[in-house]
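Everything numeric here is computed off the predicted structure, so don't read it as measured data.
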Amino acid sequence: MVEAFAVASGKGGTGKTTSTLALGMALAEEHDVTVVDADTGMANLLFHTGLDDAAVTLHDLLVEGTATDVSEATYERFGLSVVPCGTSLAGFSAADPARLREVVAELARDTDVLLLDSPAALGSKSAVLPVVLADRVVIVVEPTIPALSDGLKVQEYARSYGTETAGVLLNKVRDPAAAVAEQAGRHFGGPVLAEVPDSDVVRAARRAGKPLLAHAPDSEPAARYREAAARLEVRDGDGEAVAARFKSAVVPDTP
């Protein structure tokens, strides 16, 4: 059983990494979950999981000719298997984004759920590949009309490669968002998974280097993320078949 989700947004600052880890921890109550920081240019998942001193990261796995094994870059944290990405410019420059196919294929053989924390923009092959590799995409947007427009661009690109929309996560909600939620429900190919309120506890978790559900498990935002995870309905998939599909995935052109 394995299904790969890309957690994506149309711009930065939406809380995508926070959302990836929160969904991951919630899903890990019933599934084996692996989280991959696929944002090779602007990685920050390692800071959210206390892995800022990780010796081996995704960058090492994406360099051709190295003997680094995927297991060396996989860390057990907060009930999740976490593959962080480095933050150095040298690591980014040396990495071949196309090799992400082999990394994800290897991880797919031994997990139930793969969550790919994707780059915010769609301006490069390294940015769009996670969306192409995923079975479905979770689109994280703030509750504004321009943000919905950005999210719809992500959905349009994902659909062009056969990636379905698992749902929309409205994040950093400050006021009742019924009107925006109604529009999201009409225009996106999946449901509104949850409306996560803007909260100081989310920022405090980030400063503490912990996922939200570890830092403040009883908070309102944590409850909304659990609600979103419960609505995802993870599908069964054969690990070997999924791995083979990932390996043969076409490296996409940039939009």
hydrophobic_cluster_shared for [Y] and [X], side chain cutoff 4.5 Å:
{"X": "Val63", "Y": "Leu89", "answer": "no"}
{"X": "Leu51", "Y": "Leu212", "answer": "yes"}
{"X": "Val154", "Y": "Met42", "answer": "no"}

Could you check if a side-chain atom of [X] sits within less than 4.5 angstrom of a side-chain atom of [Y], using non-hydrogen atoms only?
{"X": "Asp110", "Y": "Thr34", "answer": "no"}
{"X": "Ile139", "Y": "Gln155", "answer": "yes"}
{"X": "Thr57", "Y": "Tyr75", "answer": "no"}
{"X": "Leu61", "Y": "Arg99", "answer": "no"}
{"X": "Pro191", "Y": "Arg231", "answer": "yes"}
{"X": "Thr20", "Y": "Phe5", "answer": "no"}
{"X": "Tyr225", "Y": "Leu169", "answer": "yes"}
{"X": "Leu232", "Y": "Val138", "answer": "yes"}

[X] side, atom [atom1]; [Y] side, atom [atom2] - distance, nearest 0.5 Å:
{"X": "Arg235", "Y": "Arg136", "atom1": "CZ", "atom2": "CZ", "answer": "4.0 Å"}
{"X": "Asp60", "Y": "Leu58", "atom1": "CG", "atom2": "CG", "answer": "8.5 Å"}
{"X": "Leu114", "Y": "Asp135", "atom1": "CG", "atom2": "CG", "answer": "9.0 Å"}
{"X": "Thr144", "Y": "Leu170", "atom1": "OG1", "atom2": "CG", "answer": "9.5 Å"}
{"X": "Arg77", "Y": "Leu45", "atom1": "CZ", "atom2": "CG", "answer": "11.5 Å"}
{"X": "Leu27", "Y": "Leu115", "atom1": "CG", "atom2": "CG", "answer": "6.0 Å"}

Taking [Y]'s backbone N and O only, do any of them form a donor-acceptor pair with [X]'s side chain (distance below 3.5 Å, no angle check)?
{"X": "Asn171", "Y": "Thr14", "value": "yes"}
{"X": "Thr163", "Y": "Val131", "value": "yes"}
{"X": "Lys172", "Y": "Gly13", "value": "yes"}
{"X": "Ser118", "Y": "Leu116", "value": "yes"}
{"X": "Asp32", "Y": "Asp112", "value": "no"}

I'd like to know if [X] pairs up with [Y] as an ion pair, taking the criterion as any Lys NZ or Arg NE/NH1/NH2 lying under 4.0 Å from an Asp or Glu carboxylate oxygen.
{"X": "Glu156", "Y": "Arg159", "result": "no"}
{"X": "Arg186", "Y": "Glu182", "result": "yes"}
{"X": "Asp198", "Y": "Arg203", "result": "yes"}

What closest approach, in Å, do [X] and [Y] show between heavy atoms, and which atom pair accounts for it?
{"X": "Thr49", "Y": "Phe78", "value": "O-CE1, 3.8 Å"}
{"X": "Val196", "Y": "Pro221", "value": "CG1-CB, 3.9 Å"}
{"X": "Ala26", "Y": "Leu213", "value": "N-CD2, 3.9 Å"}
{"X": "Ala6", "Y": "Pro130", "value": "CB-O, 3.7 Å"}
{"X": "Ala95", "Y": "Pro97", "value": "O-CD, 3.5 Å"}
{"X": "Thr87", "Y": "Ala43", "value": "CG2-O, 3.5 Å"}

Partner of His48 by side chain to side chain contact (heavy atoms under 4.5 Å, CB included), out of Val35, Thr17, Asp117, Asp37: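 By the side chain to side chain contact (heavy atoms under 4.5 Å, CB included) criterion, His48 pairs with just one of Val35, Thr17, Asp117, Asp37: Thr17.
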
Before you tell me yes or no, could you show the steps for Glu142 and Arg174 under side-chain contact (heavy atoms from CB on, under 4.5 Å), namely the whole-Å CA-CA distance, both residues' side-chain angles and the distance that decides it to 0.1 Å? CA-CA 10 Å; Glu142 294 186 52; Arg174 296 173 180 84; 3.9 Å; yes

If you count heavy atoms of other groups shown closer than 6.0 angstrom to CD of Glu30, is the number above 12?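 Not more than 12 within 6.0 Å, no.
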
A quick test of your reading: do over 12 heavy atoms of other residues, nucleotides or ligands sit less than 6.0 Å from CD of Glu76?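 Yes.
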
Apply side-chain contact (heavy atoms from CB on, under 4.5 Å) to residues Asp150 and Val141 and explain how you reach the verdict. CA-CA 8 Å; Asp150 289 337; Val141 299; over 6 Å; no

Audit row: His187, Leu152, side-chain contact (heavy atoms from CB on, under 4.5 Å) steps and yes/no: CA-CA 8 Å; His187 295 296; Leu152 284 168; 4.0 Å; yes

Give the C-alpha distance, both sets of side-chain angles, the deciding distance and a yes or no for side-chain contact (heavy atoms from CB on, under 4.5 Å) between Thr40 and Leu62. CA-CA 10 Å; Thr40 58; Leu62 299 183; 3.7 Å; yes

